[in-house]
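Data block below; observations after.
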Amino acid sequence: TLRFRNNAGNVNYGFIQNKSDNITFGTNTTNPIFFETNNARRVTITSAGLVGVGITDPNEALHVYALGGAIKVDSNGDSAVRWATSGTNKYSLYHNNGANALIFYDNGNNAERVRIASTGRVGINTNGDFRGLVNIFEGTDFSKQSQGGVDNIYLTSDATSGEGVYGSSIAWSRVQYQDRRAAAIANVQTSSDEDQVGLAFFTHSSTDANADIVEQVRIKHNGNVGIGTDNPNSLLDVHQDVAGDVQLARVYNSNSDGGT
């Protein structure tokens, strides 16, 4: 055993010894252990067993700090980081070298949950069957239940309920440019009852890029459809705020004889 003592020689601070045929490096006090290179501390092991790389006061089992720092996992094939409970693997994040994809894997259920391909396409529960930029598979059939139903995409909002209040939405940018919304669909409360909800459809009708998008079509909770109005009172309610005779709708028959 090689022991390290204080300057007075009466307190053992640490040791290196052969313990049960294993080389053991340890301390006899609550002082941490430091590893240094070029007169700078690189690794710290606290008395609680926390390990810090690039930091002297780690607060996790492994705490890595560096300017622009990263942890590199290297392999000549697949490589992974795993999360486990009491030695049982629960989840893994691994690089599938053959598919050149990053995969989030559910070890408990032996199922791939999320895959990001080298093309940037994302698959959720798809096992790599990509048909678009984002691909989502839901194995449960669609149900009309308001509670307990399962959907591929479920949007929520924390907006305060009230008649005419918009909730969750999905939007589209301008063609070619990503900096502004040009069209959107939002759910909207269409009465004083928060359980009566419809849909609002928006477009960008102005040539001014900074102008707001405008609601063009409203479907109320009762199925009434409004074009140019947000309060349709008929099955189809069309409004146009233009003076004089205005053609609001056209039904066209394109047979060989022409006509409308």
Original post:
Is a donor on one side and an acceptor on the other found under 3.5 Å between the side chain of Asn224 and the backbone of Lys220?
Top reply: no
**OP:** Apply the test side chain to side chain contact (heavy atoms under 4.5 Å, CB included) to residues Asn125 and Arg113: give CA-CA distance (whole Å), side-chain angles for both, the deciding distance (0.1 Å), then the verdict.
**Re:** CA-CA 5 Å; Asn125 290 335; Arg113 297 306 185 192; 3.6 Å; yes
Subject >> From CG (Leu199) to NE2 (His221), nearest 0.5 Å >> reply: 13.0 Å
Original post:
Between Asn107 and Ser92, does any side-chain donor sit less than 3.5 Å from a side-chain acceptor?
Top reply: yes
Taking distance alone, no hydrogens or angles, what donor-acceptor pairs closer than 3.5 Å link side-chain atoms of residues 28-35 to residues at least two apart or in another chain?
unit_1	atom_1	unit_2	atom_2	d
Thr29	OG1	Asn31	N	3.2
Thr29	OG1	Asn31	ND2	3.3

Original post:
Can Val150 be reached from Phe137 by stepping across I, L, V, M, F, W or Y side chains whose heavy atoms are under 4.5 Å apart?
Top reply: no
Subject >> Same apolar cluster: Val225 and Val238, side chain cutoff 4.5 Å >> reply: yes
Subject >> Heavy-atom pair of closest approach, residues Gly162 and Gln189 >> reply: N-OE1, 2.9 Å
Original post:
Which distance, rounded to the nearest 0.5 Å, do you find between the OH of Tyr94 and the CD of Glu112?
Top reply: 6.0 Å
Subject >> For the student: nearest non-hydrogen atoms of Ala184 and Ile213, plus distance >> reply: CB-CD1, 3.9 Å
Subject >> Pairwise side-chain contact, Val53 with Ile55, heavy-atom cut-off 4.5 Å (strictly under) >> reply: no
Original post:
Could you state the interatomic distance from OG (Ser191) to CG (Asn222), rounded to the nearest 0.5 Å?
Top reply: 9.0 Å
Original post:
How long is the span from the CG atom in Leu62 to the CD1 atom in Ile71, to the nearest 0.5 Å?
Top reply: 5.5 Å
Original post:
Where do Arg218 and Tyr166 come nearest, in terms of heavy atoms and distance?
Top reply: NH2-OH, 3.8 Å
Original post:
Should we count CG of Asp158 as having more than 12 external heavy atoms under 6.0 Å?
Top reply: no
**OP:** Can you establish whether the number of heavy atoms outside Glu36 located under 6.0 Å from its atom CD is more than 12?
**Re:** yes
Subject >> His63 versus Asp57, side-chain donor and acceptor atoms under 3.5 Å >> reply: no
**OP:** Spell out, yes or no, whether Tyr65 and Val51 are grouped together once hydrophobic residues are joined by side-chain heavy atoms under 4.5 Å, including indirect joins.
**Re:** no
**OP:** Apply the test side chain to side chain contact (heavy atoms under 4.5 Å, CB included) to residues Asp151 and Phe142: give CA-CA distance (whole Å), side-chain angles for both, the deciding distance (0.1 Å), then the verdict.
**Re:** CA-CA 7 Å; Asp151 302 281; Phe142 176 77; 3.7 Å; yes
**OP:** List the atom of Gly87, the atom of Ala84, and the distance in Å for their closest heavy-atom pair.
**Re:** C-CB, 4.2 Å
Subject >> CZ on Arg82 to OG1 on Thr88, rounded to 0.5 Å >> reply: 13.0 Å
Original post:
Taking atom CG of Asp141 as the centre, does the number of heavy atoms from other residues, nucleotides or ligands within less than 6.0 Å exceed 12?
Top reply: no
Original post:
Would Asp237 and Ile227 count as a side chain to side chain contact (heavy atoms under 4.5 Å, CB included) if you check the C-alpha gap in whole Å, the side-chain angles of each, and the deciding distance to 0.1 Å?
Top reply: CA-CA 6 Å; Asp237 199 340; Ile227 301 176; over 6 Å; no
Subject >> Same apolar cluster (I L V M F W Y, side chains within < 4.5 Å links), Val165/Leu155 >> reply: no
Original post:
Hey, are Lys90 and Asp106 close enough for a salt bridge, meaning a charged N less than 4.0 Å from a carboxylate O?
Top reply: no
Original post:
Does atom CZ of Arg42 have more than 12 heavy-atom neighbours, drawn from other residues, nucleotides or ligands, at distances under 6.0 Å?
Top reply: yes
**OP:** Assess whether side chain to side chain donor-acceptor pair (under 3.5 Å) is satisfied between Arg180 and Asn210, documenting all intermediate values.
**Re:** CA-CA 8 Å; Arg180 288 174 175 83; Asn210 295 313; 2.9 Å; yes
Subject >> Near-ring test Tyr105/Tyr91, centroid separation under 6.0 angstrom >> reply: no
Subject >> Linked, directly or transitively: Val188 and Tyr154 (ILVMFWY side chains, under 4.5 Å) >> reply: no
**OP:** Provide the closest heavy-atom pair for Glu215 versus Phe202 in the form atom of the first, atom of the second, distance.
**Re:** N-CD2, 3.3 Å
**OP:** Measure across Ser192 and Glu163 and return the closest heavy-atom pair with its distance rounded to 0.1 Å.
**Re:** N-OE1, 3.7 Å
**OP:** Go through the steps for Ile136 and Ile153 under the test side chain to side chain contact (heavy atoms under 4.5 Å, CB included), then give the verdict.
**Re:** CA-CA 8 Å; Ile136 304 173; Ile153 299 176; 3.7 Å; yes
Subject >> Nearest-0.5 Å distance, OG of residue Ser146 to CG of residue Asp195 >> reply: 7.5 Å
Original post:
So, the side chain of Arg3 versus the backbone of Gly14: is there a donor-acceptor pair under 3.5 Å, distance only?
Top reply: no
Original post:
Side chains of Val114 and Val122: does their closest heavy-atom pair fall under 4.5 Å?
Top reply: yes
Subject >> Pairwise side-chain contact, Val214 with Ser205, heavy-atom cut-off 4.5 Å (strictly under) >> reply: yes
**OP:** Would you indicate whether Asp78, at its atom CG, is surrounded by more than 12 heavy atoms from other residues, nucleotides or ligands within a distance under 6.0 Å?
**Re:** yes
Original post:
Within a reach of under 6.0 Å around CG of Leu236, are more than 12 heavy atoms found that belong to other residues, nucleotides or ligands?
Top reply: yes
**OP:** Applying salt bridge (charged side-chain N to carboxylate O under 4.0 Å, His left out), run through Asp179 and Arg174 and close with a yes or a no.
**Re:** CA-CA 8 Å; Asp179 57 338; Arg174 298 186 292 173; 2.8 Å; yes
Subject >> Result of checking Ile103, Val73, Asn100 against His95 for side-chain contact (heavy atoms from CB on, under 4.5 Å) >> reply: Asn100
Subject >> Stepwise side chain to side chain donor-acceptor pair (under 3.5 Å) test for Thr190 and Gln196 >> reply: CA-CA 6 Å; Thr190 53; Gln196 293 185 319; over 6 Å; no
Original post:
Quick check: are there more than 12 heavy atoms from other residues, nucleotides or ligands sitting under 6.0 Å from CZ of Phe25?
Top reply: yes
